[in-house]
Structure formats: structure tokens, C-alpha cells
Amino acid sequence: MVLSICVATYNRAEFIGATLDSVIPQLTDDVELLVVDGASTDRTEAVMEDYTRRSDRIRYVRLAAKGGIDRDYDLAVGHARGEYCWLLPDDDLMKPGAIDAVLAEIRKGSALVIVNAEVRDLDMSSLVEERRLFFTDDKFYAQSEFEQFFLDNIIYMTYIGCVVIRRNLWMEREREKYYGTEFIHVGVIFQKPIPGPISVIATPYLSIRLGNAQWTARAFEIWVFKWPTLIWSFNDISQHAKAKVYPREAWKTVTRLLFIRAEGNFGADEYRKFIRPKLSSSFERAKIRTVTLIPGPIVNILARIYYSFRASKNQYALFVLKSSRFNLFNTAKRSIS
């Protein structure tokens, strides 16, 4: 078995069928589809039983208890039979030709393959962003270019679906220490240099379903604390490189907090729970507290104006801002309904 498509799922009965339908036509004798279910309480088990009856290339493993996304993906790789594992989310879609493109890179001997993606809205009807990685030609990184690979790709790699990794490389690295980070794949990849070449496929072979993340309620903690803590834990990446991609203490960065406020993910509750205990200076407390006092709709409007007039518009950021509960248009729609 060359490749295992590893899906970790929890309560996605409404979406996982579309994901599987996008993968199944591309399966071959060298490619399996493995779904690990973290003890879903909806109809996921019934949906998966139907699919496994129809195809012997699909394996379904139901866990006894919910363990979290990091643990479940780790278990999926553990159950996989393929030499390589593609870590696919349970609500996104794989475009035709995706598996053939990845197999071609595997045959070149790459230890790690990164696959580009487009971004679509919740029902997949509208294109939000044509490509998450903006380069149009495939890239190849030698082992000596590991830090450059980090600089070019790390922000996109918050998306686990882009990762295709040699299974034995995953299994021989530290993994449990990254349980609870939400980004176990990033921890596994960057804890030390990859011993071999890395390929990045520029063609967007994946479609991300934006606005459907199960961690949205924890977005502030994830992006202000968990993500930077993870990034700054990598000893083989220089401090200069880490500083270029994300601030070490994001909770002190007012501009970042303003954007998170505009998204609707930062308010008085988050300030009291996460930030205030860290501050000893009354000036710092007043400065950051002020961000939470600015009306959310005003911050949202200003942020959308900013991104609308940038030389290169960030359509992804604009879509997130327009989807925010602080968007006055959304507020009006909710009040009418």
C-alpha cells in the first residue's frame, strides 16, 4: 500500500459523505481511505457503515471515546497501512487528479508533500480564494532549505489537509506532546528538520469549506496563545524566521487583537480570562482593555475597508470579516429572521 487517505472525524454526518465522494473515484489498489471516528454522537457511524458496505477500499475505525483532533489524527496514522499518509479533514473536498499528482511526487522520493488548496464558502457554491499558496509553480526544498520551507509555507500549514507525510517519519517523532495544540501535524513536521526532500504542489487540488471549523468558539485561545507557543517551540528554526511569521506574544500585539475583535472572537470575557492575569502594568491593561471597548461593528467596518484598499486584496480575510457577527449586514439579517 503506497498511500493512506487518513480522515479524523467527529459529528460530521452532514458533510463527510461529500468528502468521501470526492475521494472514492480516485482510489486504486495502492491507495486506501481510512476514517477514524472520535466517538461521534450523530449519524456518522451509520453514514460510514453505508460507505464501507459499498467499497472494500474504505476502512472505518470507531473509537470508544472522544480524544481530540490531534490524538485522533495520530491514531489514524497509526492504523494506516500506506507508506505515506494524507491527513484529510472530514468536511473538505478533493479535486479530480489530486491523488495522481501526490503519487507522482511520492515516486520522486519526497519525504513530505504539501498540497495547495482553494477556499470556498460553507456550501461550496462560491469561490472565496483561488489558492492559499500564491505561487503558481511547484516547489522543491532540499534538506538544507528547511527554514526557507518554514518561511514560505508555515501559515498555510495551519490547514492539516495540505499534509502528505511518510508514515515511518511520523511514527518515529514525538507526537503526544502536541496533543491539545490543535496542530499536531505542524509539531511533528517542524520539531526537527525533515530528513529528505520536500515537495509543494502549487495546483490547488483541495477545496476548503470555510466557516465550518469546530474550534471556532476557541479561536481566540488558539490563535493568540496555542499557535504562537507551538511556533516558538521549534529549536531548529531561527528566532528571526519565527518572528517573521508570527509574534511570540501575540496577546500584546494591538493590531492583531483588533483584527480578532473585528472577527468577533475577542471581547471582555477573553480579556479577563486570558490576558488580564498576565499584565502587571496598568498602562498595558488599559491599552488592551480599550480594544474590547471599541464597538465590534466599528472595528469590523474599519478592517474591511483596510483590506479592500490594500494593493493586493486579501479575499480570505474579507470573507471572514463579512461572516462575522459584527458585520452589520449579518446583524440585520438575524434581527429580521
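Distance alone, capped at 3.5 Å, places no donor-acceptor pair between the Glu118 side chain and the Leu127 backbone. The backbone N or O of Val36 sits nowhere less than 3.5 Å from a side-chain atom of Tyr73 that would complete a donor-acceptor pair. The main-chain N or O of Cys6 is never found under 3.5 Å from a side-chain atom of Ser4 such that the two would form a donor-acceptor pair. Trp170 places no side-chain N or O within 3.5 Å of a backbone atom of Arg175 that could act as its donor or acceptor partner. Using modelled atom types, one side-chain atom of Gln26 and one backbone atom of Ser22 make a donor-acceptor pair closer than 3.5 Å. Side chain of Glu32 to backbone of Arg81: a donor-acceptor contact under 3.5 angstrom is found. Side chain of Asn265 to main chain of Phe220: no donor-acceptor pair is present (N/O by atom type, distance under 3.5 Å, no hydrogens or angles). In terms of modelled atom types and a separation under 3.5 Å, the side chain of Thr253 and the main chain of Arg256 share no donor-acceptor contact. Looking at Arg131, its side chain never comes within 3.5 Å of a backbone N or O of Asn116 through a donor-acceptor pair. Proximity of a side-chain donor or acceptor of Arg173 to a complementary backbone N or O of Lys192 within less than 3.5 Å is detected.
Proximity of Leu279 to Trp251: side-chain heavy atoms (C-beta onward) are separated by under 4.5 Å at one or more points. Taking 4.5 Å as the limit, every side-chain heavy atom of Asp92 sits out of range of all side-chain heavy atoms of Leu206.
The shortest non-hydrogen separation linking Arg209 to Asp91 is NE-O, 2.8 Å. Between Asp90 and Arg12 the shortest heavy-atom distance is OD2-CG, 2.7 Å. Shortest non-hydrogen contact noted between Arg261 and Val291 is NE-O, 3.6 Å. Residues Pro228 and Ala250 share a closest heavy-atom pair of CG-CB, 4.3 Å. Of all heavy-atom pairs spanning Asp269 and Arg272, the tightest one is OD1-NH2, 2.6 Å. The minimum heavy-atom distance between Asn327 and Leu321, with the atom names listed, is CB-O, 3.9 Å.
Partners of Lys66 under the side-chain contact (heavy atoms from CB on, under 4.5 Å) rule, at least two apart in sequence or in another chain, are Tyr10. With sequence neighbours left out, the side-chain contact (heavy atoms from CB on, under 4.5 Å) criterion links Asp123 to Asp121, Ser125. Shown here are the side chain to side chain donor-acceptor pair (under 3.5 Å) partners of Tyr179, two or more places apart in sequence or in another chain: Asp74.
In summary, the side chains of Asp152 and Gln148 do present a donor paired with an acceptor at a separation below 3.5 Å, with no hydrogens or angles considered. Side-chain N/O atoms of Glu263 and Ser324 include no donor and acceptor closer than 3.5 Å. Counting only N and O atoms by type, the side chains of Thr292 and Arg289 include a donor and acceptor under 3.5 Å apart.
Aromatic ring pairs are classed by plane angle as parallel below 30°, tilted from 30° to 60° and perpendicular above 60°; the pair Trp227 and Trp223 is perpendicular. Between Phe234 and Tyr178, the two ring planes are tilted [angle within 30° to 60°]. Ring geometry, Phe150 versus Phe190: the interplanar angle exceeds 60°, so the pair is classed perpendicular (tilted spans 30 to 60°).
Atom CZ in Phe140 sits 9.0 Å away from atom CD in Glu145 (nearest 0.5 Å). Here the CG atom belonging to Asp138 is positioned 12.5 Å from the CD1 atom belonging to Ile114, to the nearest 0.5 angstrom.
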